[in-house]
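Since the structure comes first, as structure tokens, the remarks are kept for the end.
Predicted model, so just to flag it, every value in this text is computed and none were measured.
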Amino acid sequence: MKVVTVGVDGSPNSLAAVEWAADDAARRDAWLHIVHVVDRSPYRFVHSRQLERQIARVTCQIMSAAEETARHRRPGLGMRLEHIEGRPAEVLRRLAAASSGLVLGSRGMGRTAGGILGSVSTQVAGHAAGPVVIVRERPGRVVGEVVIGLDDSADCPRPISYAFEQANLHRAEIRALHAWSLPGHSYAPEVDYDIDAVRAHQRAVAAGQLARHRLRYPGLQVFDDLRSAHPVEALVEASSRADLVVVGAHGRTGSTVMGSVSRRVLRHARCPIAVVRPCARH
């Protein structure tokens, strides 16, 4: 059974994530799994009935608001609500591995309210096995474009595959954005480059990365966007007229840290961002 999971904490951003996740689940003909993670670690030395009642009350309010939002957005959508106790990043990473996608808001309400977003969303996006979509605002006008950020270091097609899958689900076009800049040589600043040769190489790299996906989705319109620019600036600029931007999480092996490009795009983008780890690490 296909499942799209969304993490909620009652904040406006998490309700925006519910709407995006409900749309994604409906397009996939999947169930929506709404999850609230209760982190008791701040209260490990506190044991009282009043605290238990407060946690239960807040959890009920959060789940009710999320369910109402999802049912209003997509009436008739199959869904399951669950609250789980544990460390938010660990729980969400586990759920991401078993989902078609994990959706989170870009900011939460803080730890005392069972908040799972903000810094936690960054940890999850950098280290989850499955795709993680970070949503800043409630879905607005449909643009009809999904952006995939390409780079020379991509050693696995998973981010590109996810971008093409989302474009197909959205009935949108693909913008394959490959931003590059010439390296500087501090020891030999007079070194000159054959710009035409550099462009030809970059174009060949992008074409090779996209070839199998074009064959799989022959009906999708794909725009090749090759730019001499910093990747962060190019992706953030493209996000202003896109429904989704997909980037790979090129973090350090065994780390929850994303690559600097993915992290900065996540911070400044103007549309939902999907972070996809290029390959599972062992």
Side-chain angles (χ1 to χ4, degrees), residues 1-39 55-86 88-89 91-111 113-125 128 130-143 146 162 166 169-170 242-246 266 269-275:
M1 180 180 66
K2 292 182 290 186
V3 175
V4 174
T5 301
V6 57
V8 298
D9 70 352
S11 66
N13 286 103
S14 75
L15 293 180
V18 169
E19 292 192 345
W20 198 96
D23 287 347
D24 194 44
R27 294 187 190 104
R28 294 176 182 275
D29 193 23
W31 281 74
L32 180 64
H33 185 194
I34 301 175
V35 176
H36 173 59
V37 182
V38 179
D39 184 1
I55 291 176
R57 183 181 67 81
V58 171
T59 297
C60 183
Q61 290 175 343
I62 289 171
M63 300 301 273
S64 295
E67 181 181 14
E68 181 181 356
T69 297
R71 295 202 183 282
H72 183 266
R73 182 75 180 183
R74 291 286 181 169
L77 180 67
M79 66 183 70
R80 180 165 67 95
L81 285 77
E82 183 178 18
H83 74 271
I84 303 173
E85 294 189 10
V91 171
L92 293 168
R93 285 198 298 264
R94 174 172 55 81
L95 293 172
S99 304
S100 297
L102 172 68
V103 187
L104 302 172
S106 61
R107 293 184 302 277
M109 296 179 65
R111 196 172 187 179
I116 61 173
L117 311 176
S119 63
V120 173
S121 65
T122 304
Q123 294 176 39
V124 176
V132 179
V133 180
I134 307 299
V135 178
R136 188 182 305 273
E137 298 175 348
R138 296 199 170 194
R141 180 177 63 89
V142 175
V143 179
V146 172
Y162 185 78
Q166 282 291 346
L169 290 169
H170 281 81
D243 298 308
L244 179 70
V245 170
V246 182
L266 193 61
R270 299 162 195 167
C271 73
I273 302 295
V275 182

Output the distance between atom [atom1] ([X]) and atom [atom2] ([Y]), rounded to the nearest 0.5 Å.
X    : Y    : atom1 : atom2 : answer
T5   : E82  : OG1   : CD    : 9.0 Å
L266 : R136 : CG    : CZ    : 7.5 Å
D29  : L169 : CG    : CG    : 11.0 Å
R57  : I55  : CZ    : CD1   : 11.5 Å
L102 : R93  : CG    : CZ    : 11.5 Å
T69  : L15  : OG1   : CG    : 4.5 Å

Heavy atoms, side chains only, cut-off 4.5 Å: are R94 and I84 in contact?
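Touching, per the 4.5 Å side-chain cut-off.
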Between M79 and R74, is there a side-chain heavy-atom distance shorter than 4.5 Å?
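No, side chains not in contact.
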State whether the side chain of [X] and the backbone N or O of [Y] hold a donor-acceptor pair below 3.5 Å, judged by distance alone.
X    : Y    : result
D243 : V142 : no
R80  : V35  : no
H170 : Q166 : yes

Kindly give the heavy-atom pair with the smallest separation between [X] and [Y], and that separation in Å.
X    : Y    : value
V4   : S100 : CG2-CB, 4.4 Å
V3   : A30  : N-CB, 4.1 Å
A70  : I34  : CB-CD1, 4.2 Å
V103 : A21  : CG2-CB, 3.8 Å
V135 : P272 : CG2-CB, 4.4 Å
E85  : V91  : O-CG2, 4.5 Å

Just by distance, with hydrogens left out, do S11 and D9 show a side-chain donor and acceptor under 3.5 Å apart?
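Yes, because at least one side-chain N or O of S11 sits under 3.5 Å from a partner of the opposite role on D9.
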Please determine if R73 and D23 form a salt bridge, counting it only when a charged side-chain N lies under 4.0 Å from a carboxylate O.
yes
